[in-house]
Amino acid sequence: MSGSHWPWTVLEIAPTDDRKTIREAYARLLKALDHEAETEAYMALRDARDAALSGEFLHPPGDEPEEDDYGLGTPLPDDIGADAAPGTEPAGQSRTRGKAGLHRRI
């Protein structure tokens, strides 16, 4: 079984972090099992329950987006502002502020 489906397929439930749902699924399947005759199935069920309760299989590695180093979002491309001094805009460009159309050079 692939890592993204186990232990949920063994427990016959959708991925969840609800501990009660996991325990109920385990109990339901355990009742249908002959522990002594089906030792391997019992051990697989118990392992699946333990794994599901750990929460480790809700978000497999590589599932979450990669974060930047400082939490500031996506960095700008390297070629933006390469010719301008820090804190200045290229010549001939200004920003408009407010409704009055005031221009302020940065």
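- Contact record, T21 with D18: OG1-OD2, 2.6 Å, taken as the closest heavy-atom pair.
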Verify side chain to side chain contact (heavy atoms under 4.5 Å, CB included) between I13 and R28, making sure each step is shown before the conclusion. CA-CA 11 Å; I13 58 173; R28 175 179 43 81; 4.3 Å; yes
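- Of all non-hydrogen atoms in W8 and F57, the two that sit nearest each other are NE1-O, 3.7 Å.
- A pairwise comparison of heavy atoms in E12 and L29 identifies OE1-CD2, 3.6 Å as the closest pair.
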How far apart are the C-alpha atoms of Y26 and V10, what are their side-chain angles, what is the distance that settles it, and do they pass the side chain to side chain contact (heavy atoms under 4.5 Å, CB included) test? CA-CA 9 Å; Y26 172 76; V10 174; over 6 Å; no
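- Ring geometry, H35 versus Y42: the interplanar angle falls from 30° to 60°, so the pair is classed tilted.
- Of all heavy-atom pairs spanning P7 and A48, the tightest one is CB-O, 3.3 Å.
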